[in-house]
Amino acid sequence: MTKAENEARLAYLKNIALNLPEAPGSYQFLDEKGVIIYVGKAKNLKARVTTYFHTEVDRYKTKVLVSKIHDLKYTVTNSEESALLLENSLIKQYNPRYNVLLKDGKTYPSICITKEPVPRIFHTRNINRKTGKYYGPYSQVSTMYAILEIIKKTYCPRRCNIPLTEDGIAHGKYKPCLYYHLKNCKGPCIGKQSIEDYREGIRQAAELLEGKTRKISKEIYELMLQKASELKFEEAEELKQKYILLENFVAKTEVVSFTINDVDVFSIINDDTKSHAFINYLHVTNGTITQSFTYEYTRKLDETDEELLISAIPEIRERFKSHAKEVIVPFEMEWNLPDEAQFFVPQRGDKKTLLELSELNGKQYKVDRLKQIDKLNPEQKQTRLMKELQVKLGLEKLPYQIECFDNSNISGTDAVAGCIVFKGMKPSKKDYRKYNIKTVVGPDDYASMQEVVRRRYSRMIEEETPLPDLIITDGGIGQMGVVREVVEDELHLDIPIAGLSKDDKHRTNELLFGFPPKVIALKTDSELFHVLTQIQDEVHRYAITFHRDKRAKHALHSELDDIQGIGPKTKEELLKKFKSLKRIKEADTQALTEIIGKSKAEIIYNYFHPNEGNSK
């Protein structure tokens, strides 16, 4: 597309946007082939759509979307709620490329109650609404099995796959299976349990799956008292056992006061790059959590948390057939929900506890998801961390090669420096370099750092080796400043410079970046922070190890090394015998001769006793 054609396209779109009504509705962007690539909603169509065509739009993903738009359509609605529902419907219908889409939960199991004359209850991953009613899906499979177990113990539904009919039972066409003999089934197939009694048990099981545990428990308790008053003690005892099972189940699942009835809870957790979000949904009935599910979203246009939530909530509520009038969310929402449902942001109490529980589930899903991804593709973890660092620092490209410097000396003596290299967030030890400080006298860390950086990158420029994508200094603002003077002012290189500073306890606590340097918000328990800490610890270890080795060499140097004619082997033999240089100096020629021979003994004796003339 030529520049003139692009300008004409934008002028056409701006003209449509400026003439849109100031009313709620849904808008659709179309590409050059007339395919819908994005569906949005707005309280004010004109105000919202014109924002896409402002010259100051700085979101990269939004710019990409706008570059693909060749036409737009819109539908006016009579309310915000209708706009929300219309957007949801159109997204499902057209599956637009640039819309955030809800990931399907078909891989998670549900519990089915069949529509047979003698219904069955079982878990399945295949949904066919014609065959039965489904409850779920359950992201926590253990929760599903716990519910099925309580249903099996309380109501003993049949477990066979035989297509039972009332006529067949009446004519004795069926035989009992092993489950009947094990007392896991009451034998409706052979008339040992009436169809009415069996269906009542299935009805109660359905209400249990809907979260009406308290109601069922109360019904059983009242029936138990009635049977006892009628002196039907065996039936009363059976009801008592059911009541105890249900009460124990309620005690395990009830997390707040059971006065909280029919409430939806939503929370949103972002990954470290904010490219993905995890929305957790809880449904609570009578204080019991009947649904807990987490959905993963991929941001396509840098959507805000509110934009993601308001798109996800109607979809999730529809999937779970929720009609709760109260929806708990973590922050105030500008939009309203259909069906008179109201948003509520709790500040304290049981509802605040529910919100925190939802957030905990979202965080755990995020951790589990990342672990799963990292396990399947370890390289993806490194890319994710590089991308996160790129986003945090606002870098133009991924920081694949990171170099970090550190100095080490004692009062200026044996001054050295180390440079370590991380490639793909992993140490590349073959690229590590050690430096003896040559031009700096005394303990001047800033001058030493400048010398090393100058030597490092001057040589890399000369040898035309790839320069790093990011330089990290083991220090704060001062170290960053002196490195910048060399890299940018002297060598005229465009390499981003960051700094890692430590607290009073010598622990990494801040990442600095920019000019002037600013603290970059980074959680100390995040994976990226751990990698940066590893970089700082590694460069410190490398520099101080080099410094210790250099000091050790000097400590091992003795006057014996300065005597001409005395080699390492002779020195080793003398030290092995006399243990110290002092004893070697005090030894006479006879003692020395016994170890190293007469000629070498005289050389050593005369060196340490120059004023005595002839040797003894």
Side-chain angles (χ1 to χ4, degrees), residues 60-61 64 271-276 298-299 302 370-371 373-406 417-435 449 452-475 479-480 483-484 486-488 491-500 508 510-515 517-518 520-523 526-543:
Y60 173 74
K61 293 180 180 179
V64 172
D271 70 353
D272 295 326
T273 63
K274 290 195 174 180
S275 60
H276 291 77
T298 300
R299 280 185 168 86
D302 301 318
L370 291 178
K371 283 182 179 177
I373 292 171
D374 295 343
K375 188 175 181 180
L376 294 174
N377 188 356
E379 291 183 1
Q380 189 167 333
K381 176 183 178 181
Q382 315 307 325
T383 304
R384 174 169 53 80
L385 292 173
M386 286 189 288
K387 181 66 177 176
E388 182 183 349
L389 185 58
Q390 180 188 17
V391 172
K392 290 285 185 184
L393 302 184
L395 305 178
E396 292 183 0
K397 60 179 181 177
L398 281 179
Y400 174 76
Q401 181 172 326
I402 300 174
E403 298 190 354
C404 188
F405 296 87
D406 190 21
C419 171
I420 68 161
V421 180
F422 269 51
K423 291 183 176 180
M425 289 298 181
K426 291 183 177 180
S428 179
K429 295 194 175 183
K430 66 183 179 65
D431 296 311
Y432 285 16
R433 294 295 181 268
K434 301 173 182 176
Y435 295 92
M449 180 66 72
V452 172
V453 172
R454 187 180 297 112
R455 287 165 57 187
R456 168 76 174 167
Y457 297 120
S458 295
R459 182 165 183 173
M460 293 181 77
I461 293 171
E462 183 181 339
E463 296 178 352
E464 296 183 350
T465 54
L467 293 167
D469 303 307
L470 177 66
I471 297 172
I472 296 180
T473 64
D474 181 31
Q479 293 278 20
M480 292 175 65
V483 171
R484 181 173 283 104
V486 175
V487 173
E488 295 182 3
L491 302 178
H492 308 293
L493 297 175
D494 185 18
I495 305 175
I497 300 167
L500 289 170
T508 307
E510 283 183 345
L511 172 65
L512 304 171
F513 187 74
F515 185 66
K518 295 180 180 179
I520 303 301
L522 203 60
K523 293 182 179 179
S526 67
E527 285 184 281
L528 178 58
F529 187 84
H530 290 159
V531 173
L532 294 175
T533 302
Q534 181 189 355
I535 291 174
Q536 189 172 34
D537 292 342
E538 176 68 359
V539 73
H540 182 67
R541 177 202 66 78
Y542 187 65

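The analysis underlying the following values was restricted to heavy atoms, covering all of them including side chains, and did not include hydrogens, waters or symmetry mates.
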(message) If I take atom CZ from residue R484 and atom CD1 from residue I471, how far apart are they, to the nearest 0.5 angstrom?
(response) 10.0 Å
(message) Distance check, rounded to the nearest 0.5 Å: F405 atom CZ versus Q479 atom CD?
(response) 11.0 Å
(request) Quick one: pull up CD1 in I497 and CG in L470 and give me the separation to the nearest 0.5 Å. (result) 9.0 Å
(message) Can you give me the closest heavy-atom contact between A543 and G418, atom names plus distance?
(response) CB-N, 4.0 Å
(message) Could you report the tightest heavy-atom contact between I420 and I535, atom names first, then the distance?
(response) CD1-O, 3.4 Å
(request) Return the set of residues passing salt bridge (Lys or Arg N to Asp or Glu O under 4.0 Å) with K518 (not counting sequence neighbours), or none when no residue passes. (result) none
(request) Before accepting this row, confirm whether a basic side-chain N of the pair R459/E462 lies closer than 4.0 Å to the acidic partner's carboxylate O. (result) no
(message) In the structure I gave you, are the side-chain heavy atoms of L395 and D469 within less than 4.5 Å of one another anywhere?
(response) no
(request) Have a look at Y400 and tell me which of M425, M386, Q390 forms a side chain to side chain contact (heavy atoms under 4.5 Å, CB included) with it. (result) M386
(message) For a 4.5 angstrom cut-off between non-hydrogen side-chain atoms, does Y457 reach L467?
(response) yes
(request) Can you see which heavy atom on P468 is nearest to which on I495, and at what distance? (result) O-CG2, 3.6 Å
(request) Using a 4.5 Å cut-off on heavy atoms from C-beta on, say whether the side chain of L511 contacts that of L528. (result) no
(message) To the closest 0.5 Å, what do you measure between SG (C404) and CG (D474)?
(response) 5.5 Å
(request) Take atom CD of E396 as the centre, draw a 6.0 Å sphere, and report whether it contains more than 12 heavy atoms from other residues, nucleotides or ligands. (result) no
(message) With salt bridge (charged side-chain N to carboxylate O under 4.0 Å, His left out) as the criterion, how do D431 and K423 come out once you've worked through the C-alpha distance, each side chain's angles and the decisive distance to 0.1 Å?
(response) CA-CA 10 Å; D431 296 311; K423 291 183 176 180; 3.1 Å; yes
(request) Check whether any side-chain heavy atom of E403 lies under 4.5 Å from a side-chain heavy atom of R456, and answer yes or no. (result) yes
(message) Could you tell me if the side chain of Y542 sits less than 4.5 Å from the side chain of K434, heavy atoms only?
(response) yes
(message) Side chains of I472 and L532, heavy atoms from C-beta outward: is any pair under 4.5 Å?
(response) yes
(request) Any chance you could measure F422, atom CZ, to Q534, atom CD, to the nearest 0.5 Å? (result) 4.0 Å
(request) Indicate yes or no for a side-chain donor-acceptor contact from Q536 to the backbone of L500 under 3.5 Å, with no hydrogens or angles considered. (result) yes
(message) Checking E527 against R384 for the side-chain contact (heavy atoms from CB on, under 4.5 Å) test, could you report, in this order, the C-alpha distance in whole Å, the side-chain angles of both residues, the deciding distance, and whether it holds?
(response) CA-CA 10 Å; E527 285 184 281; R384 174 169 53 80; 3.1 Å; yes
(message) Once rounded to the nearest 0.5 Å, what's the spacing between atom CG of L491 and atom CG of L493?
(response) 5.0 Å
(message) Among residues at least two apart in sequence or on other chains, which ones pass ring pair (Phe, Tyr, Trp, His ring centres under 6.0 Å) with F529?
(response) none
